[in-house]
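As structure tokens, the structure follows; a few thoughts come after it.
Computed from a predicted model, the values in this text were never measured in an experiment.
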Amino acid sequence: MEQRTREKASRAVSDILKAAGFDVHTAPAPLDLSAIRNNTYLLVMCSDDPDAADSYSETEYTIRVGQEEKICEKILVTFNPSITADNCIVWYPEEFAMYAGEAVLARVLGKTLVLPLDGSEETGSYKARTHHESEGGIRIPHLPVRIHRDEAEEKAGIPGVATLRFLPYWMFKYTCRGSAGYKDQNIQFDGTGSGAMNAINGALTDIEGDTITRREIPEGSEISRPSISHAEAEKKITSHLISSMTKRVRIRQVKGDAIFYEEKNLAPEPENISLELRELYVPVWQIKGKKIVEINAYTGERLIEPLDDGVEVF
């Protein structure tokens, strides 16, 4: 996010934490805030940079209290829905807006805002409603549901019962740096790109990363299990990238009165490719009648081969 936006977000988070009874201070870069309340020690970073978010998530921060080292809780505030941070409490725009509104109301009512931070049972006089309390759903990174049930059933063209399913994908970003040469031919392979692999059948597709959301999925939806692991996906995607970037060169040689041509494939080495994978789910309406028809709930497209295995019902 831009520096001015980051400063505004930091001030808003400071107001939220103060409404929750924290003593808040500005923290040195790359952090934005530090906050203390009783035995809770909290750090805050506001960023839309995936690399900064990953570093923040993987770093453990501690504070010395007397003779003890206490582990700090971490909040990441981001407006980039493609970012995930397993070791942080992440506030996306939905959470940010909700807590900001709750903080204003708490101040108006003269109450103390209670935030769900460390899982403790706090007994404040005013409790913020979390997304899980209001809807009871499950939160996974997924594409938004833009096609409604009635529209999906109409597109399917068969009578049947429609169920919303979420299919697993591995979204990837890659960077390739390097070259390959043979005799007087030299091919550069520098480049970057992105895509996604279906974690069930290995099919590759293009997905816009800035459309991903982490809002809760509708209750009663089905989540399919991935059959391709993270490690397997890395190997398959790397192999695909090497194949797609392979160039066939033709070398002309003259020996006396004869002209010869030699052809050779030049490809990047696996170590030249840097790969970053993230979990993603694509919503699909499955209509079961005399046959099974599946409609992409984000694009409205009809899937050629329905997937009907590895389902978990929530």
ask   = When you check the side-chain N and O atoms of E58 and Y56, is any donor under 3.5 Å from an acceptor?
value = no

request  = Apply salt bridge (charged side-chain N to carboxylate O under 4.0 Å, His left out) to K155 and D150, showing your working.
outcome  = CA-CA 9 Å; K155 287 178 178 289; D150 293 345; over 6 Å; no

query = Does N87 offer a backbone N or O that forms a donor-acceptor pair with the side chain of S57 under 3.5 Å?
reply = yes

message = With a 6.0 Å cut-off (strictly less than), is the heavy-atom count around CD of E7, excluding the residue itself, greater than 12?
response = yes

Heavy-atom closest pair, residues A152 and I295 = O-CG1, 3.8 Å

query = Out of curiosity, does Y169 fall in the hydrophobic cluster containing M171 (side-chain heavy atoms, cut-off under 4.5 Å, transitive links)?
reply = yes

ask   = Looking only at heavy atoms, which two atoms of P50 and K173 are closest? And how far apart?
value = CG-NZ, 4.5 Å

task = Evaluate the side-chain contact (heavy atoms from CB on, under 4.5 Å) criterion for residues W91 and Y99: first the C-alpha distance (whole Å), next the side-chain angles of each, then the deciding distance (0.1 Å), finally the verdict.
result = CA-CA 9 Å; W91 288 2; Y99 295 140; 3.3 Å; yes

ask   = Is there side-chain contact between L113 and I16, with heavy atoms separated by less than 4.5 Å?
value = yes

key: Residue pair T78 / Y92, side-chain heavy-atom distance below 4.5 Å   = yes

inquiry  = Checking the side chain of E232 only, and the main-chain atoms of S229 only, is there a donor and an acceptor separated by less than 3.5 Å?
reply    = yes

ask   = What about the rings of Y61 and Y41, do their centers lie closer together than 6.0 Å?
value = no

key: Contact summary for C176 and P268, nearest pair of heavy atoms   = SG-CB, 3.9 Å

remark   = Closest non-hydrogen contact found for S179 with F189 is CA-CD1, 3.9 Å

inquiry  = For I71, is the CD1 atom crowded, meaning more than 12 foreign heavy atoms sit under 6.0 Å from it?
reply    = no

ask   = Are L303 and V282 joined in one hydrophobic group, where the rule is that I, L, V, M, F, W and Y side chains link up if heavy atoms are under 4.5 Å apart?
value = yes

inquiry  = Using every non-hydrogen atom in the two residues, find where R6 and C46 come nearest and quote the distance to one decimal.
reply    = NE-O, 2.8 Å

ask   = When you check the side-chain N and O atoms of R248 and N265, is any donor under 3.5 Å from an acceptor?
value = yes

request  = Identify whether M98 and V44 are in the same connected component of the hydrophobic contact network (ILVMFWY, side-chain heavy atoms under 4.5 Å).
outcome  = yes

message = Is there a side-chain contact between H230 and E234 in this structure, where contact means two heavy atoms from C-beta onward sitting under 4.5 Å apart?
response = yes

message = As an exercise, state the distance from CG of L275 to NZ of K235, rounded to the nearest 0.5 Å.
response = 13.5 Å

key: Side-chain donor or acceptor of N201 paired with backbone N/O of A203 under 3.5 Å   = yes

inquiry  = Please tell me whether N80 and S82 have a donor and an acceptor in their side chains that are separated by less than 3.5 angstrom.
reply    = yes

inquiry  = side-chain contact (heavy atoms from CB on, under 4.5 Å) for T84 and E279? Distances and angles first, verdict last.
reply    = CA-CA 9 Å; T84 58; E279 185 183 48; over 6 Å; no

I140 vs I223 side-chain heavy atoms within contact, under 4.5 Å = yes

inquiry  = Are L31 and F79 connected into the same hydrophobic cluster when the rule is that any two of I, L, V, M, F, W, Y join if their side-chain heavy atoms are below 4.5 Å apart?
reply    = no

query = Taking everything shown except E271 itself, do over 12 heavy atoms lie less than 6.0 Å from its CD?
reply = yes

remark   = d(I237 CD1, I242 CD1) to nearest 0.5 Å is 12.5 Å

key: Flag for R165-S224: side-chain donor and acceptor within less than 3.5 Å   = yes

key: H240 side-chain N/O to T238 backbone N/O, donor-acceptor pair under 3.5 Å   = no

task = Identify the heavy atoms of F172 and L277 that sit nearest to each other, and give their distance.
result = CB-CD1, 3.9 Å

query = Could you go step by step and tell me if E276 and R278 meet the salt bridge (charged side-chain N to carboxylate O under 4.0 Å, His left out) rule?
reply = CA-CA 7 Å; E276 177 187 345; R278 294 181 181 276; 2.9 Å; yes

ask   = Looking at side-chain heavy atoms only, is the closest gap between S55 and T59 below 4.5 Å?
value = yes

request  = Evaluate the criterion side-chain contact (heavy atoms from CB on, under 4.5 Å) for residue pair I287 and I158; output intermediate values, then yes/no.
outcome  = CA-CA 8 Å; I287 297 89; I158 62 169; 4.1 Å; yes

task = Answer yes if V104 and L17 sit in the same cluster of Ile, Leu, Val, Met, Phe, Trp and Tyr residues linked by side chain heavy atoms under 4.5 Å apart, and no otherwise.
result = no

request  = Check the pair I292, E294 against side-chain contact (heavy atoms from CB on, under 4.5 Å), reporting the backbone distance first and the verdict last.
outcome  = CA-CA 7 Å; I292 296 175; E294 291 185 337; 4.3 Å; yes

key: A196 backbone acceptor or donor facing D206 side chain under 3.5 Å   = no

Non-hydrogen side-chain atoms of I75 and L42 separated by less than 4.5 Å = yes

request  = Indicate yes or no for a side-chain donor-acceptor contact from D15 to the backbone of A12 under 3.5 Å, with no hydrogens or angles considered.
outcome  = no

